Structure formats: structure tokens, C-alpha cells
> 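Here it is, the structure in full.
Each chain gets a letter, A, B and so on, in the order its sequence line appears, and its residues count up from 1. Just the heavy atoms: all of them, side chains too, but no hydrogens, waters or symmetry mates, feed the values below. Owing to the predicted nature of the structure, the values given are computational and were not obtained by experimental measurement.
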2 protein chains.
Amino acid sequence: MHSLVEENYLKALFALSKDKGSVSVNDLSKHLNIKMPTVTNMMKKMAFKKLVYYESYKPLILTKKGKKEAALIIRKHRLTEMYLVEKMGFGWEEVHNIAEQIEHIKSPKLFAKMAELLDYPKFDPHGAPIPDINGEMEWKAYSKLSECKPDDMVKIAAVINTTDEFLKFLNRREIHLGLKIKIKSVEPFDNSMVVKYKNHLEETLSNTVCKRLLVEKF
Amino acid sequence: MHSLVEENYLKALFALSKDKGSVSVNDLSKHLNIKMPTVTNMMKKMAFKKLVYYESYKPLILTKKGKKEAALIIRKHRLTEMYLVEKMGFGWEEVHNIAEQIEHIKSPKLFAKMAELLDYPKFDPHGAPIPDINGEMEWKAYSKLSECKPDDMVKIAAVINTTDEFLKFLNRREIHLGLKIKIKSVEPFDNSMVVKYKNHLEETLSNTVCKRLLVEKF
DNA sequence: CTAATTTGTTAGTTAAGACTAACTTAATAC
DNA sequence: GTATTAAGTTAGTCTTAACTAACAAATTAG
Ligand SMILES: [Mn+2]
Ligand SMILES: [Mn+2]
Ligand SMILES: [Mn+2]
Ligand SMILES: [Mn+2]
């Protein structure tokens with residue numbers, strides 16, 4: 001088994017390599033708030049464990065094994081978040097920090113039970129996909145709300161770059177997963193949007209907000 | 001806050017000082033499976049933090065602060081066990097190892113929620129009392145089944161020195177908390193008991209077993 | 001009461017995982 | 001194409017929490 005520390009490196013590598021497929025020592029260092037020499041050291045250790053490909057001065061790449069183990073930790077994280085929201089009554093803005101700890105619990109049975117009680121959920125409370133027991137996961141082809149046009153009718157499918165503050169902001173605006181939104185207009189100078197939903201007939205959302213909302217058109 | 005390691009020392013000190021009120025370095029060392037010099041070192045560190053009274057060659061005594069913090073960890077442990085059994089469908093023999101990990105989670109809200117959902121339980125699945133939010137707890141005046149006499153009618157109130165194996169043994173015999181038992185006879189040479197309960201009309205329980213079962217007479 | 005045994009302490013070592021300082025390689029700017 | 005800046009590595013240090021070996025104190029036995 002891996003230490004809690006290694007597990008957090010794995011998750012960070014996985015998250016950061018989303019697009020390019022590789023990560024720089026610098027990025028990883030910043031993401032984890034750990035100085036670069038410490039990261040270099042840990043990468044050598046994890047390379048020895050076949051979790052990551054490491055060569056001096058080259059980008060870091062997760063091995064197949066590393067990717068799978070990362071995905072399984074993310075599975076535990078997202079199952080936990082879903083469990084806390086669905087079965088214990090937490091708000092979606094409260095669960096990340098608890099899941100950050102519980103994801104390291106060693107008990108396949110606990111997470112199997114969560115999955116069972118939740119009826120094998122496919123998404124976490126923020127709309128992110130929950131990897132299956134083999135670490136397989138795929139993001140659906142969502143668009144960002146910021147890329148939509150006036151008169152588009154969309155449904156909120158996921159929230160990205162979620163901080164507690166951002167989620168509390170959405171709570172105050174009564175914006176949640178599954179919400180149907182109509183785009184009334186887009187301000188050309190700051191790309192903010194005026195949208196309509198439920199009993200909010202004219203709500204303005206900044207581009208910062210719109211870039212963090214993934215939507216499905218319908 | 002304290003480290004996971006310190007928390008485990010606190011729990012061990014609390015558990016071992018049940019009777020005498022103090023613990024030897026040797027006992028603590030054996031209980032935690034940690035060599036004596038390591039324990040001595042840790043006691044000095046915890047004495048500095050005012051968790052334990054420590055003087056060379058004297059028995060270890062928890063401070064009021066140490067006792068309270070230990071009790072609050074035990075509260076988290078027992079709430080978790082109760083939650084796993086009552087809300088997630090685990091057997092009483094499956095929950096200890098999970099609780100051993102979850103007791104270290106830093107989230108007052110998680111445990112507040114468990115307590116609320118369980119309707120502020122007073123006992124864990126093994127009959128042990130759950131300390132309140134101030135770390136207060138008291139064992140009721142139970143007797144050991146081994147100390148009962150023929151023809152006594154008793155109710156199983158708690159199980160002590162619980163190992164998974166012992167609990168599985170009780171499962172096979174259909175012995176559980178709340179079960180009403182009649183003592184038919186006691187074998188004088190090995191103190192084993194012949195008892196009657198439910199549809200078990202003549203079950204023999206060894207003294208080892210009877211010493212681990214706490215009962216209420218009625 | 002002394003001897004043997006058990007218990008406890010001191011000193012020194014180790015591994016994990018962090019850090020800083022100094023140096024090297026790679027990337028970017030001019 | 002050299003100079004500057006940014007990124008990455010090496011070497012050495014620190015803290016936590018473990019260990020062993022050696023010694024000292026306390027307890028128990030005869
Ligand atoms: Mn999360
Ligand atoms: Mn984590
Ligand atoms: Mn337990
Ligand atoms: Mn524990």
C-alpha cells in the first residue's frame with residue numbers, strides 16, 4: 001500500500017495531467033504547495049514503485065498503474081462526497097474537505113457499501129464522474145456556459161474549479177445541478193451573461209462564473 | 001491539534017488506566033506494540049503538551065486535558081461504529097478497524113451529523129458507552145456473566161475484549177445485545193456454563209466466553 | 001540483605017517527508 | 001547567439017516517530 005502522502009501526489013499528478021498528459025515538477029510543486037526539491041525526491045521514489053515515469057529534466061508522466069491507483073482514490077473521494085450529500089444531508093460546499101481525509105481510509109468494504117447504498121452513482125455532487133472499480137472514468141462532452149450563445153437553453157451538468165466560496169455563491173443564486181437556464185444576452189465588453197431560470201428572471205453571471213459551469217444543451 | 005500517533009497513545013493510556021488510574025511504560029509499550037524507549041520519548045513530548053503527568057520511573061497518569069481528549073477520540077470511534085452498524089448495515093464484528101481509522105478524521109460536523117442521525121446514541125454496537133461532547137462517560141454497573149449463579153435470568157448488556165473472532169463466535173451462537181439468557185448450571189471444574197436462550201435450549205459457554213459478556217440481572 | 005530479574009532511561013541510528021542553499025540545465029529575451 | 005530568467009537537481013539539515021544497544025533503577029526472589 002501507499003502512504004497518505006503518496007496518494008496525494010498521485011491525485012495531484014492525475015488532476016494536473018488531464019490535458020497535456022504530463023506534468024512539470026514546477027506545476028506539481030505549486031499545486032501541492034511543496035517545494036520543488038521535495039517533489040523531485042518523491043518522484044524518484046514513486047518511479048521506483050512504477051507509479052510514474054521519471055527522467056531528469058523531463059516532464060512527469062503517470063504509468064498505467066499510477067493512473068489506476070489515482071483513479072481509485074478519486075473514486076473513494078467522490079463516492080464519499082456523494083454519500084455525505086445524499087445520505088447525511090451535507091451541502092455540496094461542505095463535503096470536499098471531509099472527503100479529502102476519508103479518501104485515504106483503507107477499507108474496500110466501506111466504499112463498496114457506500115456505492116451500494118447510493119445505487120452505484122455515476123457522478124459526484126459537483127457533476128464530476130465517479131471512476132468505476134477498475135479506475136475507468138470519462139467526462140461527458142459538456143460545454144462551458146461561457147461558450148454558449150443568446151437564446152440557448154441549457155442544463156447545468158457540472159461545476160468545475162469548485163471552492164467552498166464559489167459553491168456558496170451558487171447556493172445564494174439558487175443554481176444547482178440539473179437547473180435549466182435560458183441565456184438572454186451576453187455583454188460584449190466583459191462577457192458576462194444575463195440569464196433566466198426558475199423565478200430568477202434576470203440574473204447576471206460574470207464570465208468567471210460562466211467558465212466554471214459546464215452545461216448540456218437541449 | 002494532535003497527530004494520529006499521539007491520538008493513539010492517548011486512547012491506549014485511557015484504556016489501560018481504566019482500573020488503577022495509572023499505567024506503566026511497559027504496559028503501554030506492549031499494548032501499542034512499540035518499544036519502551038519510544039514510549040518514554042513520547043511521554044516526555046506529551047507531558048510537555050500537558051496531556052500526561054510524567055516523572056522518571058513513576059507510573060504514567062493522564063491529565064484532565066489528556067483524559068478529555070482521549071474520551072473525545074473514543075466518542076468518534078464509537079459513534080462511527082454505531083453509524084456503520086445502524087445506518088450502513090455492517091455487522092458488529094466488521095466495524096472496529098474502520099472506526100480505528102475514521103476516529104482520526106478532523107471534522108466536528110461529520111461526527112455531529114452521525115450523532116444527530118443516530119438520535120444521540122448512548123452506547124456503541126458492543127454496549128460500550130459513548131462519551132458525550134464534553135468527554136463524559138460512565139459504565140453502568142453490569143456484572144460479568146461468569147459471576148452469575150444457576151437460575152439467574154440475565155440480559156446481555158455489553159461485550160468486552162471484543163475481537164472479530166469472538167464476535168463471529170457470538171454470531172454463530174446467535175448471541176447479541178439485549179438477548180435474555182437463563183443460566184441452567186455451572187460446571188465446577190472449568191466454570192463453563194450451560195445456558196438457555198431463544199431456541200438454544202442447552203448451550204455451553206466456556207468461562208473465557210462468560211468473562212467477556214456483561215449482563216444486567218432482571 | 002544481596003542477587004537476579006524486570007522495568008525504565010539514555011544515547012545513537014534510521015526512514016519518511018519536509019525544508020534551504022547552491023548549483024546546473026533549459027527556456028526566453030534581446 | 002549570448003545573456004538572463006525559470007525550472008530542475010544535488011547536497012545538507014530538520015522533525016517525527018520508530019528502532020537497538022547499553023546502562024541504571026526498581027522490584028522480586030532466595
Ligand atoms: Mn472534492
Ligand atoms: Mn487527500
Ligand atoms: Mn472498537
Ligand atoms: Mn486509531
Side-chain angles (χ1 to χ4, degrees), chain A residues 1-17 19-62 66 69-70 73 100-101 103-104 106, chain B residues 1-17 19-62 66 69-70 73 100-101 103-104 106:
Chain A
M1 264 313 114
H2 310 292
S3 70
L4 178 148
V5 169
E6 286 172 320
E7 293 191 347
N8 284 337
Y9 275 89
L10 277 175
K11 275 211 317 171
L13 280 162
F14 191 94
L16 291 173
S17 53
D19 13 285
K20 304 155 236 170
S22 68
V23 191
S24 71
V25 172
N26 198 244
D27 286 349
L28 188 52
S29 164
K30 276 169 184 152
H31 185 86
L32 288 170
N33 232 305
I34 287 174
K35 295 292 178 288
M36 287 188 14
T38 307
V39 172
T40 298
N41 268 350
M42 189 59 77
M43 286 308 99
K44 288 175 179 173
K45 203 170 74 176
M46 290 175 65
F48 184 76
K49 291 193 175 185
K50 306 284 181 215
L51 294 169
V52 70
Y53 298 115
Y54 172 79
E55 283 180 90
S56 292
Y57 299 104
K58 298 256 177 76
L60 307 166
I61 301 172
L62 278 174
E69 310 223 345
I73 299 159
E100 203 61 51
Q101 299 176 67
E103 70 191 3
H104 304 292
K106 263 68 183 176
Chain B
M1 265 312 114
H2 310 294
S3 70
L4 179 148
V5 170
E6 285 173 320
E7 292 191 348
N8 284 338
Y9 275 88
L10 277 175
K11 275 212 316 172
L13 280 161
F14 191 94
L16 292 172
S17 53
D19 13 285
K20 304 154 236 168
S22 68
V23 190
S24 71
V25 171
N26 198 244
D27 287 349
L28 188 53
S29 164
K30 277 170 183 149
H31 185 87
L32 289 170
N33 234 305
I34 287 173
K35 297 290 179 288
M36 288 190 5
T38 307
V39 171
T40 298
N41 268 347
M42 188 59 78
M43 287 308 99
K44 287 176 178 173
K45 201 169 78 176
M46 289 174 67
F48 184 76
K49 291 194 175 187
K50 305 286 182 213
L51 294 169
V52 69
Y53 298 115
Y54 171 80
E55 284 180 274
S56 292
Y57 300 103
K58 297 258 178 74
L60 307 166
I61 302 172
L62 278 175
E69 310 224 344
I73 299 159
E100 203 61 52
Q101 299 175 66
E103 71 192 2
H104 304 292
K106 264 67 183 177

> Under 3.5 Å, is there a donor-acceptor pair between the side chain of B/Gln101 and the main chain of A/Lys106?
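Such a contact is found between B/Gln101 side chain and A/Lys106 backbone.
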
> Considering the options A/Lys11, A/Lys49, A/His2, which one meets the side-chain hydrogen bond (donor to acceptor under 3.5 Å, both in side chains) requirement together with A/Glu69?
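By the side-chain hydrogen bond (donor to acceptor under 3.5 Å, both in side chains) criterion, A/Glu69 pairs with just one of A/Lys11, A/Lys49, A/His2: A/His2.
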
> For the atom pair CG (A/Asn41) and CE (A/Met36), what is the distance rounded to the nearest 0.5 Å?
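The distance works out to 12.0 Å.
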
> Within the structure, does a side-chain N or O atom of B/Tyr57 lie under 4.0 Å from either OP1 or OP2 of C/dT6?
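No, B/Tyr57 has no side-chain N/O under 4.0 Å of OP1/OP2 on C/dT6.
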
> Minimum heavy-atom separation for A/Leu10 and A/Gly66, please, with both atom names.
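Taking every non-hydrogen atom into account, CD2-O, 3.7 Å.
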
> Hey, does A/Lys44 reach any base, or is it just sugar-phosphate, or nothing, if we go heavy atoms under 4.0 Å?
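Sugar-phosphate, no base atom in range.
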
> Should A/Ser56 be listed as having a side-chain N or O under 4.0 Å from OP1 or OP2 of D/dG8?
no

> Separation of A/Ile34 atom CD1 from D/dG8 atom P, in whole Å?
15 Å

> Can you tell me how far C1' of C/dA16 sits from CE of A/Met43, to the nearest Å?
14 Å

> Rounded to whole angstrom units, what separation is found between the CG atom of A/Asn26 and the C1' atom of D/dA7?
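My rounded result for the distance is 6 Å.
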
> Checking all strands, does A/Ser24 fall into the base, sugar-phosphate, or nothing category for heavy-atom contacts under 4.0 angstrom?
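Since only primed, P, OP1 and OP2 atoms lie under 4.0 Å of A/Ser24, the category is sugar-phosphate.
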
> Take atom CG of B/Asn41 and atom C1' of C/dT9, then tell me their distance rounded to the nearest Å.
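So the CG-C1' distance, B/Asn41 to C/dT9, works out to 9 Å.
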
> Contact class for B/Thr38 vs. all strands (heavy atom < 4.0 Å): base, sugar-phosphate, or nothing?
base

> Locate the shortest heavy-atom distance separating B/Leu28 from B/Leu16; write the atom from each residue and the value.
CA-CD1, 3.8 Å

> Which residue lies toward the 5' end of DNA chain C, A/Pro37 or B/Lys58, if each is placed at its nearest nucleotide?
B/Lys58

> Could you give the CE-to-C1' distance, from B/Met1 to D/dT16, as a whole number of Å?
18 Å

> Going by heavy atoms closer than 4.0 Å, what residues in residues 4-17 of chain B are next to DNA chain C?
none

> Under 4.0 Å from OP1 or OP2 of C/dG8: is there any side-chain N or O of B/Lys35 that close?
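Answer no for this pair, as no side-chain N or O of B/Lys35 is under 4.0 Å from OP1 or OP2.
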
> If every non-hydrogen atom of A/Val52 is compared with every non-hydrogen atom of A/Met43, which pair is closest and at what distance?
CG1-O, 3.7 Å

> Between atom CE in B/Met36 and atom C1' in C/dT7, what is the gap in whole Å?
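So the two atoms are 5 Å apart, to the nearest Å.
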
> If only atom types and distance count, is the side chain of B/Ser29 paired as donor or acceptor with the main-chain N or O of B/Val25 below 3.5 Å?
no

> Rounding to an integer number of Å, can you tell me how far A/Met46 CE sits from C/dA18 P?
11 Å

> Let me know the distance between CG of A/Leu28 and P of D/dG8, rounded to the nearest Å.
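In whole Å, D/dG8 P and A/Leu28 CG are 10 Å from each other.
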
